[in-house]
Amino acid sequence: MKYDFKEIETKWQKKWDETSLYQAPDNADPNNKFYMLVMFAYPSGDIHMGHFRNYIIGDAIARQQMMLGKDVLHPFGWDAFGLPAERAAIQRDIHPADWTTKNIGISRSTLQKVGISFDWSREIASCFPDYYKWTQWMFIQLYKKGLAYRKRGFVNWCPEDKTVLANEQVKDGKCERCGTEVVKKDQNQWYFKITDYADRLVDDLDTLPDWPDNVKTMQREWIGRSYGAEINFSLENSDLKIPIYTTRPDTIFGVTFMAIAPEAEILDSLNLEGEYKAKVEDYKKKAMTRSDIERSAVTDDKDGVFTGKYAINPYNGEKVELWVADYVLAGYGTGVVMAVPAHDSRDFAFAKKYNIPIKVVIHPDKDTPLDVNKMTEAYTDYGVMVNSGQFDGLIGKIAIIQVTDFAEQEEFGCHKVNFKLKDWSISRQRYWGCPIPIVHCKKCGTVPVAEENLPVELPKVKDFKPKGRSPLADVPEYMNVKCPNCGGEAVRDSDTMDTFVCSSWYFLRYIDPKNDSVPFDKEKVAQYMPIDLYVGGITHATGHLIYFRFFQKFLKDLGWVKDDEPAKRLFNHGMVCDSNGEVMSKSKGNVVSPIGLMEERGVDVSRLAMFFTAPSDKEVLWSSDSVTGVEKFAINKLFPLNEKLRNSNPDLKYYFKREELSEFEYSLYIKLNQVIKQVSDSFDKLQFNTAISALMELVRDYDSDKIKNDSFNDYLILKTFQLSAPLVPHLAEEIWAFAGFEGSIFKSNWPICDESAIIKDSIVIGVQINGKLRDEIEIPIDCDQKRAEEVAFMSDKVKKYTDGKEILKIIFVKGRIFNIVVKG
RNA sequence: GCGAGAGUGGUGAAAUUGGUAUACACGCUAGAUUUAGGAUCUAGUGCCGCAAGGCGUGGGGGUUCAAGUCCCCCCUUUCGUACCA
């Protein structure tokens with residue numbers, strides 16, 4: 001039989017489709033299910049190497065889980081709203097809806113050619129009303145709970161894309177999508193109050209042992225929880241309280257000035273006078289025009305202006321200068337900081353520049369005092385409190401607690417937890433997104449659209465180009481509605497939602513994709529959730545992967561889902577680069593299309609090449625050399641094994657006994673079981689490269705001429721194909737049918753290791769002398785030290801190094817090593 | 001700056017988690033076969049050395065009978081983050 005991959009691959013893809021092989025059952029056994037999720041795709045029309053890698057990893061696992069007898073859910077869909085579609089549509093002068101629909105078709109048929117085991121009956125697209133109806137429903141639930149709110153404030157604005165961006169979409173001060181420098185803009189915006197979930201989002205990371213540590217660390221840092229105190233300073237000659245947040249209340253006796261962010265609201269309450277007022281106004285203007293990049297640059301060159309006002313430190317009654325400085329962040333804490341130059345490097349730089357006093361209140365320890373006059377930088381570590389009145393002598397964390405407790409007693413402060421995480425800005429002034437289901441009524445204010453009137457359909461308009469406000473605002477037939485509350489004249493909210501809202505709950509919709517009365521059926525979701533394995537790129541670590549956890553928690557609070565966390569295990573595959581290590585991109589012209597590769601070499605060989613060339617979590621530098629070795633293996637070694645079948649119909653659940661097989665046969669049986677174990681382990685770790693090398697060894701050791709037992713021969717071959725099936729599904733399925741089986745190989749049972757076969761009765765171990773390998777000996781597995789010594793000392797090589805030398809010690813580790821320590 | 005990874009042959013990479021370093025491939029070198037081959041097969045392939053032997057997992061220390069693996073200090077590199085008080 002010739003290996004004609006084109007024929008084989010087309011044949012089986014068709015058959016799989018006809019028999020709905022990958023259709024997940026509607027009634028799954030919650031104790032025996034496997035939800036295999038890959039991140040749904042943006043339908044750009046072409047599938048690149050990164051997608052290919054992502055999907056074959058999920059595919060191999062889904063197929064193995066099928067063979068393990070699980071009810072497997074392996075769905076796919078389209079993250080179809082968003083800027084790229086709009087941009088592409090503008091470039092080509094077609095409507096985003098048409099462009100997207102067309103591309104979904106192209107992308108789907110391409111993926112079907114790759115033979116990924118997706119359950120296409122559950123396909124969803126976030127831009128279709130039957131899906132976004134429920135995205136709007138989610139918005140309304142959040143709104144009802146006070147978790148969706150509108151506020152005016154400074155937002156990230158991309159001048160190129162003419163829309164607001166979430167903090168998560170700003171990288172290095174630039175728009176993640178187009179690279180344009182982001183500016184601040186004062187806008188009325190919708191937010192999701194994700195900060196209400198900040199604690200749970202941090203704490204529950206500890207319940208996810210199968211998430212990569214780097215992602216958990218990134219999320220922890222992004223959420224940025226810190227423990228400290230909020231302390232009220234007071235304005236001199238005024239009742240005004242000026243609250244500050246600090247993580248170092250133990251340094252509070254060292255405050256020599258205070259600094260207020262230029263945008264901080266409290267600045268307006270200070271009633272500045274005369275020249276100070278003008279100077280501060282000037283400074284504010286200047287700060288606002290500086291870009292984020294400039295302002296966030298960490299330098300020692302801090303600047304600010306004095307307000308002419310003074311604040312009183314509640315601990316010691318000291319009067320300190322009140323400054324405005326743009327190194328203070330308006331959006332964190334209270335927007336005001338107490339400045340302790342001796343113990344904070346930023347305050348130190350500022351104090352030096354403006355000749356503000358520096359006062360030491362912490363010593364590294366009792367016996368090593370700090371000398372202010374010799375300090376060239378702030379001492380920021382913990383230490384012993386000094387010059388701090390009744391708190392002198394207190395140390396580190398205890399000091400912090402006691403100082404804060406005092407503030408609570410005296411009622412001018414309290415313990416306080418703060419987060420770097422900000423509420424999620426979700427309004428977008430763009431056309432191609434999910435409309436916000438809110439109506440603005442002059443009488444009633446913001447009113448949500450009634451749930452029975454969802455979806456608020458996105459009108460298909462001709463002019464969808466961005467112009468600084470939502471293009472929908474210029475569509476009167478969309479905008480002008482009756483208020484759902486009072487029936488009076490009202491207008492819709494013209495913005496659309498961030499696409500990350502659409503992708504925050506898609507994994508739930510897959511489970512019940514056609515439901516028209518609720519977003520999903522709770523019972524059905526309970527059968528398949530949580531996601532057992534979620535595979536995707538690392539890029540979403542602090543965006544989508546926080547958002548979808550937030551949604552899951554919110555839906556749990558509403559009683560829609562039962563788990564706190566959506567995904568038990570997360571796996572980030574490595575990137576695919578070209579052979580020079582450059583990320584593949586159209587502009588660089590170094591894109592290798594997986595489609596071309598598969599047309600030339602076949603899907604299965606392409607999959608093998610991608611799997612074999614590097615472990616799944618590592619970056620791959622793709623080169624056509626990656627294909628050579630595995631192609632030879634597949635075509636010349638693995639596939640031709642079918643010719644060695646002897647039609648003996650072996651019982652694949654059987655475990656052979658030693659006496660049934662010849663010595664060679666039994667050695668192969670041992671090897672087979674070792675390989676079963678290794679391949680299974682490799683699958684658990686998603687390290688398919690080692691699974692393939694194990695299979696290569698097994699096939700290498702196979703020798704038909706030396707096998708007399710027909711049943712064993714076929715057993716070995718069929719197990720080999722079963723083990724290969726998740727990696728090379730078409731090839732394996734072909735042989736399975738050729739061998740005479742009726743059903744799919746993916747309905748057969750994944751091989752289970754015969755443990756008794758891999759317990760060897762003798763073993764070769766190394767003999768070391770003073771830690772250096774000198775010889776090997778073969779000894780029985782349960783050999784005691786005495787017997788091992790006898791064998792070891794028979795060796796000439798060992799004698800050579802031990803004769804005439806004093807033996808100090810012998811270390812014998814059963815099954816591992818024999819080490820002799822000699823003197824000299 | 002801070003945080004988290006990574007560093008093993010000419011190359012992609014293995015290493016049962018402290019126990020024979022370099023499995024499996026690519027490449028290369030010989031040879032065989034072939035009209036030819038981007039084919040196949042056989043042998044070799046960490047470095048130094050004729051050999052015995054020595055040296056070898058970024059560098060330097062350490063723990064141990066034994067270290068790629070554990071500890072300390074550096075170097076390089078990737079990713080994340082960026083004045084979070």
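Since the model is a prediction, treat every value here as computed from it, not as a measurement. These numbers come from the heavy atoms of this one structure, side chains and all, not from hydrogens, waters or symmetry mates. Quick note on labels: first sequence line is chain A, next is B, and so on, each numbered from 1.
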Base, sugar-phosphate, or nothing for [X], non-hydrogen atoms under 4.0 angstrom?
{"X": "Ser345(A)", "answer": "nothing"}
{"X": "Phe419(A)", "answer": "nothing"}
{"X": "Val767(A)", "answer": "nothing"}
{"X": "Val764(A)", "answer": "base"}
{"X": "Arg774(A)", "answer": "sugar-phosphate"}
{"X": "Val821(A)", "answer": "sugar-phosphate"}
{"X": "Gln768(A)", "answer": "base"}

From [options], nucleotide with atom closest to [X] side chain:
{"X": "Asn819(A)", "options": "A82(B), A13(B), A66(B)", "value": "A66(B)"}
{"X": "Leu773(A)", "options": "G3(B), U20(B), A85(B)", "value": "U20(B)"}
{"X": "Arg700(A)", "options": "C24(B), G12(B), C83(B)", "value": "C24(B)"}
{"X": "Thr690(A)", "options": "G19(B), A85(B), A15(B)", "value": "A15(B)"}
{"X": "Val337(A)", "options": "A14(B), A85(B), G3(B)", "value": "A85(B)"}
{"X": "Lys800(A)", "options": "A4(B), C24(B), A52(B)", "value": "A52(B)"}
{"X": "Tyr332(A)", "options": "A25(B), A85(B), G12(B)", "value": "A85(B)"}
{"X": "Arg816(A)", "options": "C24(B), G3(B), G19(B)", "value": "G19(B)"}
{"X": "Leu329(A)", "options": "C65(B), C83(B), G80(B)", "value": "C83(B)"}
{"X": "Thr217(A)", "options": "G3(B), U81(B), A13(B)", "value": "G3(B)"}

Quick one: do [X] and [Y] make a salt bridge, cutoff under 4.0 Å?
{"X": "Lys184(A)", "Y": "Glu263(A)", "answer": "no"}
{"X": "Asp250(A)", "Y": "Arg248(A)", "answer": "yes"}
{"X": "Lys353(A)", "Y": "Asp301(A)", "answer": "yes"}

Less than 6.0 angstrom separating the ring centers of Tyr315(A) and Phe412(A), yes or no?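 That pair passes the under 6.0 Å test.
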Do the ring centers of Tyr354(A) and Phe257(A) come within less than 6.0 Å of each other?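 Not under 6.0 Å, so no.
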Whole Å only: how far is the [atom1] atom of [X] from the [atom2] atom of [N]?
{"X": "Phe348(A)", "N": "G1(B)", "atom1": "CZ", "atom2": "P", "value": "19 Å"}
{"X": "Glu168(A)", "N": "A82(B)", "atom1": "CD", "atom2": "P", "value": "10 Å"}
{"X": "Ile692(A)", "N": "G12(B)", "atom1": "CD1", "atom2": "P", "value": "18 Å"}
{"X": "Asp681(A)", "N": "A15(B)", "atom1": "CG", "atom2": "C1'", "value": "14 Å"}

Does a side-chain N or O of [X] approach OP1 or OP2 of [N] to a distance below 4.0 Å, or not?
{"X": "Lys772(A)", "N": "A66(B)", "result": "no"}
{"X": "Asn689(A)", "N": "A14(B)", "result": "yes"}
{"X": "Tyr801(A)", "N": "G53(B)", "result": "yes"}
{"X": "Tyr327(A)", "N": "A85(B)", "result": "no"}
{"X": "Lys171(A)", "N": "U81(B)", "result": "yes"}

Would you mind telling me which residue lines up with the more 5' stretch of RNA chain B, Ile811(A) or Gly766(A), judged by nearest nucleotide?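 So the residue in question is Gly766(A).
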Between Asp347(A) and Asp775(A), just flag the one whose closest nucleotide in RNA chain B comes earlier from the 5' side.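 The residue mapped nearer the 5' terminus is Asp775(A).
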Tell me if U57(B) is syn or anti. Syn = glycosidic torsion within 90° of 0, anti otherwise.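 It is anti.
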Assigned glycosidic conformation for G10(B) [threshold 90° from 0]: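 G10(B): anti.
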Base versus backbone protein contacts along nucleotides 42-51 of chain B [heavy-atom cut-off under 4.0 Å; B, S, -]: ----------
Is [X] atom [atom1] crowded by more than 12 heavy atoms from other residues, nucleotides or ligands, each under 6.0 Å away?
{"X": "Lys352(A)", "atom1": "NZ", "answer": "no"}
{"X": "Asp172(A)", "atom1": "CG", "answer": "no"}
{"X": "Glu778(A)", "atom1": "CD", "answer": "yes"}

Using 30° and 60° as the class limits, which term best fits the ring planes of [X] and [Y]: parallel, tilted or perpendicular?
{"X": "Tyr332(A)", "Y": "Tyr245(A)", "answer": "perpendicular"}
{"X": "Tyr547(A)", "Y": "Trp424(A)", "answer": "parallel"}
{"X": "Tyr327(A)", "Y": "Phe350(A)", "answer": "tilted"}

Canonical and wobble pairing (Watson-Crick, G-U, under 3.5 Å) of RNA chain B, dot-bracket with |: (((((((..(((......[....)))((((((.......))))))(((....)))..(((((..]....))))))))))))....
For the backbone of Val767(A) and the side chain of Asp775(A), can you confirm whether one donor and one acceptor N or O come within less than 3.5 Å of each other?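 Between the backbone of Val767(A) and the side chain of Asp775(A) there is no qualifying donor-acceptor contact (under 3.5 Å).
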Gln219(A) side chain to Leu205(A) backbone, donor-acceptor under 3.5 Å: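 Side chain of Gln219(A) to backbone of Leu205(A): no pair is present.
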What N/O pairs connect the protein and nucleotides 38-41 of chain B at under 3.5 Å? Give each pair on its own line.
residue, atom, partner, partner atom, Å
U40(B), OP1, Asn636(A), ND2, 3.1

Is any side-chain N or O of Glu776(A) under 3.5 Å from a base N or O of U20(B), one able to act as donor and the other as acceptor?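 Under the 3.5 Å cut-off, the side chain and the base do form a donor-acceptor pair.
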What do the steps show when you test Phe5(A) against Asp604(A) for side chain to side chain contact (heavy atoms under 4.5 Å, CB included), and what is the final call? CA-CA 8 Å; Phe5(A) 68 78; Asp604(A) 286 342; over 6 Å; no
Rounded C1' spacing from U63(B) to A15(B) in Å: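 That atom pair is separated by 22 Å.
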